[in-house]
> 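My structure is below; once you've seen it, I'll send some questions.
All values below come from the heavy atoms of this structure, side chains included, with hydrogens, waters and symmetry mates left out. Both counts, for ligands and for their atoms, begin at 1 and track the order of listing.
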Amino acid sequence: MNANVLRIGTRGSRLALWQAEWVQSRLQELYPELTVRLVPISTQGDRIQDVPLARIGGKGLFVKEIEEALFDGRIDLAVHSMKDVPSVLPTGLILACIPQREDPRDALISRNGRDFSQLPQGARIGTSALRRQAQLLYRRPDLEIVPLRGNVETRLRKMEEEHLDGIILAAAGLKRLGLMRLISACLPPELSLPAIGQGALGLECHQDNGWVLKRIAPLHHPATALTVSAERSFLRRLNGGCQVPLAAHGTLAGQTLTLTGLVAGIDGRCLLKETVAASLSQAEELGVHLAEKLLSKGADRILAALDIRPKPLGS
Ligand SMILES: NCc1[nH]cc(CCC(=O)O)c1CC(=O)O
């Protein structure tokens, strides 16, 4: 490691590079004497583009190879989209910094700029996220959900090639890529509750790398970190991943943290949603409380049907 060079590991997609470049620019502004380099790293999630993630399974499809580069010293810092980071990190690594969140909502890009309510009967909507699929079908069981993988540009191209009526992507990704003009409607959380950590970035490094920890500290946004912590605690308690339609989103008002969570069947026929609130200092406990509230109301049966076993505390 060179004391004046900081190497950032990132996926190679345009969105991931934009995110890493944003961190690079902030660090160069803060430390003009520092050289910050980007190290693009291919991940399994990037390489396997033709299969829905739920079928590939496994955790950390978009982070594993980048964490390996942290362990073997090829990089000093990893920049991730928080929604792609599993709820449990490898021992020795920490999410040391979570910058301010971008718009967490899902966005609809539709033919003729139609809003969700204006989608025609039987409209064909592209997404591979089971969370999005379940919530759309819950509201509109007539829709045909078409699996759609790949980076943002690929999904936009497939919308035309496959003559889809619309596609669903994260508003954050579209905003960062300067594609807001394509958005037909941002979906309210009541209609499409965001993915855990959606819109937030996570900066991961060795827990004992004081040199990096000190430099990235000014980028940390405590309010975002609190909401993401509660959302991830919910995910961890349910032992969820991309194979199950889970969603959660936290918001802050004054000293109160409010967390809404959802567990649904893939076809959207059953969907459980609850909202809980607590003081800011209870973020982790709030996520567990919400998960257990949903389990007690039947989420355990939904998860069992998907062969997901929630993790009791301390396990
Ligand atoms: N692997 C997909 C992914 N991971 C993060 C984002 C959006 C950016 C974010 O949530 O910060 C996306 C694209 C999407 O969901 O449309």
> Between ligand 1 and E102, can you find any atom pair, the residue atom being a heavy atom, that is separated by under 4.0 Å?
no

> What part of L169, side chain, backbone, both or neither, has a heavy atom within less than 4.0 angstrom of ligand 1?
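Both backbone and side chain of L169 come within 4.0 Å of ligand 1.
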
> Tell me whether L187 shares a hydrophobic cluster with L182, the cluster being built from Ile, Leu, Val, Met, Phe, Trp, Tyr side chains joined at under 4.5 Å.
no

> Is it the side chain, the backbone, both or neither of R132 that has a heavy atom closer than 4.0 Å to ligand 1?
side chain

> Nearest non-hydrogen contact with atom 15 (O) of ligand 1 belongs to which option: R11, K175, K83?
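Heavy atom nearest to atom 15 (O) of ligand 1 belongs to K83.
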
> Is there a donor in the side chain of D106 and an acceptor in the side chain of Q198, or the other way round, less than 3.5 Å apart?
yes

> If we count only N and O atoms by modelled type, under 3.5 Å, do the side chains of T10 and Q19 hold a donor and an acceptor together?
no

> Return a yes/no value for G199: is any of its N or O atoms, backbone included, closer than 3.5 angstrom to an N or O of ligand 1?
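Between G199 and ligand 1 (N or O atoms, distance only) the closest approach is under 3.5 Å.
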
> Are any of the N or O atoms of V152 closer than 3.5 Å to those of ligand 1?
no

> Heavy-atom distances under 4.0 Å are what count here, so tell me which part of S81 touches ligand 1: side chain, backbone, both or neither.
side chain

> For ligand 1, which part of R176 has a heavy atom less than 4.0 Å away: the side chain, the backbone, both, or neither?
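Under 4.0 Å from ligand 1, R176 contributes side-chain atoms alone.
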
> Checking contacts here: is it the side chain or the backbone of Q198 that comes within 4.0 Å of ligand 1, counting heavy atoms only? Could be both or neither.
both

> Between S184 and R114, does any side-chain donor sit less than 3.5 Å from a side-chain acceptor?
no

> Is it true that, when you exclude R74 itself, more than 12 heavy atoms of the residues, nucleotides or ligands shown sit nearer than 6.0 Å to its CZ?
yes

> Does a sphere of radius 6.0 Å around OH in Y138 hold more than 12 heavy atoms from other residues, nucleotides or ligands, not counting ones at 6.0 Å or beyond?
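Counting neighbours around OH of Y138, 12 or fewer heavy atoms of other residues, nucleotides or ligands fall under 6.0 Å, so no.
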
> Do we see a donor-acceptor contact under 3.5 Å between the side chains of S192 and R105?
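S192 vs R105: no donor-acceptor pair found between side chains.
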
